[in-house]
Amino acid sequence: AQKITQTQPGMFVQEKEAVTLDCTYDTSDPSYGLFWYKQPSSGEMIFLIYQGSYDQQNATEGRYSLNFQKARKSANLVISASQLGDSAMYFCAMREGENTDKLIFGTGTRLQVFP
Amino acid sequence: EAGVAQSPRYKIIEKRQSVAFWCNPISGHATLYWYQQILGQGPKLLIQFQNNGVVDDSQLPKDRFSAERLKGVDSTLKIQPAKLEDSAVYLCASRTSGMWEQFFGPGTRLTVL
């Protein structure tokens, strides 16, 4: 079974609108963490946001927020007020286990922001 | 603060040749990772170092891939001999203790002909 599933190969959003990128995960370990990374065409993976499984509140970082629904095993990324520079690939990733930092990545979602 | 540095950025070789990639992590980051990212996929961990010791190399094809991190700072990843299926972007990342996020370099895009 896939550990991280991103079902949207591509998404379009108009500038200044909000967009949600979906991510579901599969683990039986009670301790885990979820990450979102942005990969522009230049290739570098840019860390956006992190959510620990025991965190009580949804993580937020500027225009990025993580909609963490533990019972549904989903960790969707919400980008508010999209900008043209947000056009990129977005990857959801998970570390699984209390002391592990090994990341398992999904296949990514390509976001395109249009004027 | 300088980010993770990698070189070269691009490399084209023929199959059966050898190639080496270099990574300089963020200063003070004890943990270093090498990932392979095949086109259309997410990165896959090849090897993880803690200082100059290997923590996890379970997914490293050891018959052709090798990596070292002498002195616990810079690292090199080598492929010998290369196969067509090794064409990918090789990403290096580093992490400091106490934080979970990994910081990535720009990657090396390898094309094997």
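To find a chain, count down the sequence lines: A is the first, B the second, and so on, and within it residues start at 1. What you see is a predicted model, and the numbers here were worked out from it, not measured in a lab.
Only the side chain of B:Gln37 comes within contact range of chain A, with heavy atoms under 4.5 Å apart. Residue contact with chain B, scored on non-hydrogen atoms closer than 4.5 Å, is absent for A:Gln6. Proximity to chain A (any heavy atom under 4.5 Å) is restricted, for B:Gln59, to the side chain, taken from C-beta onward.
A ring-centre distance under 6.0 Å is not found for A:Phe91 and A:Phe35. Ring centroid separation for the pair A:Phe47 and B:Phe104 does not come in under the 6.0 Å cut-off.
A salt bridge links A:Asp86 to A:Arg63: one of the charged nitrogens lies within less than 4.0 Å of a carboxylate oxygen. At a threshold of 4.0 Å, the pair B:Arg95-B:Glu101 does not count as salt-bridged, since none of the basic side-chain nitrogens sits closer than that to a carboxylate oxygen.
Here B:Leu113 sits in one hydrophobic cluster together with B:Ile12; the rule is ILVMFWY side chains under 4.5 Å apart, joined directly or through other members.
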Inset, instruction - Output, in order, the C-alpha distance, side-chain angles, deciding distance and verdict of side-chain hydrogen bond (donor to acceptor under 3.5 Å, both in side chains) for B:Ser58 and B:Asp56. - result: CA-CA 6 Å; B:Ser58 58; B:Asp56 184 350; 2.8 Å; yes
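With chain B as partner, the option from A:Asp101, A:Ile46, A:Ile4 having the largest number of non-hydrogen pairs under 4.5 angstrom is A:Asp101.
Ring orientation note: the planes of B:Phe21 and B:Trp34 are tilted relative to one another, at an angle of 30° to 60°.
Scanning residues 103-113 of chain A against chain B with a 4.5 Å non-hydrogen threshold yields A:Leu103, A:Phe105, A:Gly106, A:Thr107, sorted by number.
By the neighbour-count criterion of 12 heavy atoms within 6.0 Å, atom CZ of A:Arg72 is sparsely surrounded, having that number or fewer from other residues, nucleotides or ligands.
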